> 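Supplied in structure tokens, the structure appears directly below.
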Amino acid sequence: MLNMNYFNLGGSYLFSGIAAKVAAYIRENPSADVIRLGIGDVTRPLAPAVVEAMRKAVDEMGDADAFRGYGPEQGYEFLRRAIAENDYQARGVDISPEEIFVSDGSKSDVANFQELFDASCRIAIPDPVYPVYRDSNLMAGREIVYLPCVEANGFMPEPPACHVDAVYLCSPNNPTGTVMSRPALENWVAYARREQALILFDSAYEAYISDRSCPHSIYEIPGAETVAVEFRSFSKTAGFTGTRCAYVTLPDTVAVRGADGSLHRLNQLWLRRQTTKFNGAPYIVQRGAEAVYSAAGRPQVRAQVAYYMENARIIREGLGSAGWTVFGGENAPYIWLKLPAGESSMDFFDRLLNTVQVVGTPGAGFGKCGEGYFRLTAFGDRNRTAEAVGRIVAKL
Ligand code: PLP
């Protein structure tokens with residue numbers, strides 16, 4: 001028998017549906033100069049330090065004495081140590097290498113993590129947000145409580161009046177480009193502790209935070225170390241979307257109750273899950289990720305982020321000074337464009353493609369509250385991004 005929950009998912013996955021529309025447009029207009037500011041994929045090449053580290057690792061794999069087969073499912077100690085020291089201990093957060101689980105991407109991590117929870121759990125999910133949280137829980141047949149993120153609350157999800165067992169938070173946010181403040185995160189940690197709820201904190205875009213008052217990690221909030229799991233990725237911080245490397249941070253102190261009231265450490269359960277269903281990220285890739293933290297690699301990946309954030313500034317200021325209302329783009333590579341009253345985000349997608357040959361993402365694809373908004377990404381080429389802004393300002 002089929003899992004009928006799959007039929008609650010709605011249409012095709014957002015980005016494939018949009019890709020099909022763009023492909024049809026190009027088929028019908030083969031000479032059109034289409035600029036893509038739609039899907040959130042990076043365009044800058046890997047940092048030289050990363051490439052060099054991976055080359056060296058390839059040579060090792062071709063050498064009988066240095067060759068490696070299966071590695072630890074949790075990731076090599078050298079990478080887990082680099083992550084714990086640089087991403088946490090350097091920020092005053094006490095995370096050890098044993099609390100890090102290296103993987104081949106955050107998409108699978110955030111989608112897989114819900115497996116640890118009973119089908120009866122009630123899950124809170126911001127609206128709009130990265131669709132994977134919603135779809136992976138719908139597949140499992142769970143009840144979802146949506147948390148509206150609208151202009152009135154600064155697009156920041158607020159704790160619901162009811163109990164939930166787990167909540168996904170995404171900061172900096174995809175798609176709104178906004179970042180959660182320290183007080184907003186403190187409020188969530190207080191809720192989670194009171195309700196014995198788990199926070200699933202996705203900080204895939206933490207490298208884009210420029211506001212010094214905003215935490216990069218949920219563990220910068222006291223008390224979070226007992227109620228939060230953090231998901232991070234090298235995809236957007238170091239251009240690894242095609243190389244694939246990410247990690248889950250799970251402090252030893254996070255414990256959740258079973259139906260019989262018994263308390264279990266999530267760290268051990270996730271280890272059990274990963275060792276059963278995952279055979280580790282490639283050695284070559286993990287050596288590349290390690291180089292992100294090297295003296296040479298660090299400024300190189302910082303320069304990539306700065307390149308995209310300059311694109312974000314061009315979009316934000318270009319459209320803003322032409323009278324559009326724009327959000328985000330200051331602590332995230334996404335700009336959340338408010339559409340003229342009454343125009344649906346799908347209609348705007350068509351108008352943008354047909355009038356100025358620019359591709360973006362309709363806000364409705366990220367949730368009901370995304371209707372009336374449109375996401376533009378800063379991950380494009382500098383000149384093409386400026387060209388797209390120029391076209392929109394001139395013709396729309
Ligand atoms: N989390 C968020 C919020 C994202 O926007 C994305 C990718 O767009 C991911 C996770 C997936 O990252 P990865 O490339 O590591 O699978």
Side-chain angles (χ1 to χ4, degrees), residues 13-16 18-19 36-44 46 50 75 79 83 87 100-114 125-137 147 149 155-157 167-180 199-209 216-218 228-249 274 278 280-282 285-286 288-289 292 301 304-305 308 312 328-329 331-336 360-361 363 365-367 370 375-380:
Y13 183 65
L14 171 73
F15 298 111
S16 25
I18 285 172
R36 293 166 197 269
L37 301 181
I39 194 161
D41 195 358
V42 295
T43 52
R44 305 299 296 160
L46 288 171
V50 169
L79 179 56
I83 290 168
D87 285 346
I100 306 284
F101 297 78
V102 174
S103 74
D104 61 359
S106 266
K107 185 182 195 174
S108 30
D109 285 339
V110 296
N112 291 335
F113 206 81
Q114 49 76 33
I125 295 179
D127 172 9
V129 86
Y130 183 53
V132 176
Y133 317 147
R134 178 195 62 212
D135 287 355
S136 56
N137 277 285
L147 308 169
C149 299
F155 303 100
M156 275 193 222
V167 56
Y168 291 81
L169 297 177
C170 177
S171 179
N173 188 265
N174 176 9
T176 67
T178 51
V179 64
M180 292 179 78
I199 296 174
L200 300 144
F201 191 72
D202 184 344
S203 56
Y205 300 96
E206 63 81 23
Y208 293 81
I209 296 176
H216 287 237
S217 164
I218 188 74
V229 183
E230 187 157 280
F231 299 92
R232 289 211 183 172
S233 172
F234 292 94
S235 281
K236 309 298 162 68
T237 52
F240 271 55
T241 53
T243 307
R244 313 303 302 145
C245 197
Y247 61 91
V248 174
T249 306
Q274 288 298 80
F278 181 63
V285 169
Q286 292 190 57
V292 166
V301 296
Q304 291 173 346
V305 169
Y308 297 131
N331 294 287
Y334 294 118
I335 283 84
W336 195 229
T361 310
F366 298 98
R375 190 191 75 174
L376 295 171
T377 91
F379 286 125

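One-based numbering, in listed order, for ligands and for the atoms of each. We use all heavy atoms of the structure for the numbers below, so side chains are in, but hydrogens, waters and symmetry mates are not. Please read these numbers as outputs of a predicted model, since none were measured by experiment.
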> Between Glu230 (side chain) and Ile218 (backbone), is there a donor-acceptor pair under 3.5 Å?
yes

> Which protein heavy atom lies closest to atom 8 (O) of ligand 1, and at what distance to 0.1 Å?
Lys236 NZ, 2.9 Å

> Can you sort out which atoms of ligand 1 are near Cys170, meaning under 4.0 Å from one of its heavy atoms?
3 (C)

> May I ask you to identify the nearest protein heavy atom to atom 3 (C) of ligand 1, giving residue, atom name and distance to one decimal place in Å?
Asp202 OD2, 3.3 Å

> Give yes or no for whether the N/O distance cutoff of 3.5 Å, strictly under, is met between Lys107 and ligand 1.
yes

> What's the shortest distance from atom 11 (C) of ligand 1 to any protein heavy atom, and which residue and atom give it?
Tyr130 OH, 3.3 Å

> In the protein, what heavy atom is nearest to atom 14 (O) of ligand 1, and what distance, to one decimal place, separates them?
Ser235 OG, 2.6 Å

> Between Ser233 (side chain) and Ser106 (backbone), is there a donor-acceptor pair under 3.5 Å?
no

> One residue to check: Phe234. Relative to ligand 1, which of side chain, backbone, both or neither has a non-hydrogen atom less than 4.0 Å away?
neither

> Specify whether Tyr247 and Phe234 have parallel, tilted or perpendicular ring planes, treating 30° as the upper limit for parallel and 60° as the lower limit for perpendicular.
tilted

> Around Arg36, counting heavy atoms of other residues, nucleotides and ligands shown, do more than 12 lie under 6.0 Å from its CZ?
no

> Counting only N and O atoms by type, is there a donor-acceptor contact under 3.5 Å from the side chain of Arg232 to the main-chain atoms of Ala246?
no

> Which residue owns the protein heavy atom closest to atom 12 (O) of ligand 1, what's the atom, and how far is it?
Ser106 CB, 3.7 Å

> Which ligand 1 atoms are under 4.0 Å away from a heavy-atom of Gly105?
15 (O), 16 (O)

> Can a donor-acceptor pair be found, under 3.5 Å and without considering hydrogens, that links the side chain of Ser203 to the backbone of Ser217?
no

> Tell me whether ligand 1 is touched by Phe240 - counting only heavy atoms on the residue side and a distance under 4.0 Å.
no

> Which residue supplies the protein heavy atom nearest to atom 4 (C) of ligand 1, what is that atom called, and how far is it?
Tyr205 OH, 3.5 Å

> If we count only N and O atoms by modelled type, under 3.5 Å, do the side chains of Tyr205 and Tyr334 hold a donor and an acceptor together?
yes

> Looking at Tyr308 and Arg44, would you say the former's side chain and the latter's main chain have a donor-acceptor pair under 3.5 Å?
yes

> Are any of the N or O atoms of Tyr133 closer than 3.5 Å to those of ligand 1?
no

